Amino acid sequence: MQRDRTERAGGVTAHPDYKDWNTELIKPKKLTNPVKASRSHQELHRELLMNHRRGLGLDSKPELQRVLEHRRRNQLLRLKKEEEEAKKLKSPFEQELLKRQQRLEEMEKEARKEEDQAPEFIKVKENLRRIATIAGEEQV
């Protein structure tokens with residue numbers, strides 16, 4: 001009966017290393033893994049072995065990975081097309097506004113760099129002025 005169960009489960013049980021000298025002791029039995037005993041797991045394993053023997057699927061990517069890469073590629077292409085269309089459809093006024101905005105951002109970056117290069121005592125003095133003005137406004 002035990003033999004039938006292990007054959008149905010698809011696994012071979014290992015015999016424990018115990019001595020048969022005491023027959024009154026209960027002999028341990030190997031537990032079957034329910035995942036390996038399941039029919040779906042056996043079929044999946046059998047299919048994977050067959051594909052491996054045939055040489056199928058070795059160079060191919062999983063389906064999920066292929067789909068995700070395809071979506072990413074399509075999304076990037078769509079974004080590039082939208083950007084190109086947006087550039088084409090902008091009026092000269094909008095283009096001029098963008099140029100001004102870029103120039104302002106560059107000027108702000110340069111101003112930040114100059115502030116970072118300023119000596120420490122100037123930074124501290126500016127912070128003290130800010131604190132003094134904030135404290136003065138709160139008292140009023």
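Small disclaimer: the values here were computed from a predicted structure and weren't measured. Heads up: numbering here begins at 1 and tracks the sequence.
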Who are the salt bridge (charged side-chain N to carboxylate O under 4.0 Å, His left out) partners of E108, not counting sequence neighbours? R112

Those residues at least two apart in sequence (or on a different chain) that pass side chain to side chain contact (heavy atoms under 4.5 Å, CB included) with E82 are R78, L79

My understanding is that only residues two or more places apart in sequence, or in another chain, count here; which of them pass salt bridge (charged side-chain N to carboxylate O under 4.0 Å, His left out) with E69? K61

Could you tell me whether the side chain of R72 reaches within less than 4.5 Å of the side chain of L68, counting heavy atoms only? yes

Residues which pass side-chain hydrogen bond (donor to acceptor under 3.5 Å, both in side chains) with R130, listed by chain and number, not counting sequence neighbours: N127

Evaluate side-chain contact (heavy atoms from CB on, under 4.5 Å) for K113 paired with E110, printing each intermediate quantity in order. CA-CA 5 Å; K113 286 181 183 177; E110 290 175 4; 5.6 Å; no

State which residues pass side-chain hydrogen bond (donor to acceptor under 3.5 Å, both in side chains) with E96; sequence neighbours excluded, sorted by chain then number. none

A side-chain contact here means heavy atoms from C-beta on lying under 4.5 Å apart; do Q42 and H45 qualify? no

Decide yes or no for Q101 and L98: does some side-chain heavy atom of the first lie under 4.5 Å from some side-chain heavy atom of the second? yes

Heavy-atom neighbours of H41 NE2 exceed 12 at 6.0 Å: yes

Is E63 atom CD crowded by more than 12 heavy atoms from other residues, nucleotides or ligands, each under 6.0 Å away? no

Could you tell me if the side chain of I122 sits less than 4.5 Å from the side chain of E126, heavy atoms only? yes

By side chain to side chain contact (heavy atoms under 4.5 Å, CB included), which residues pair with T133, not counting sequence neighbours? none

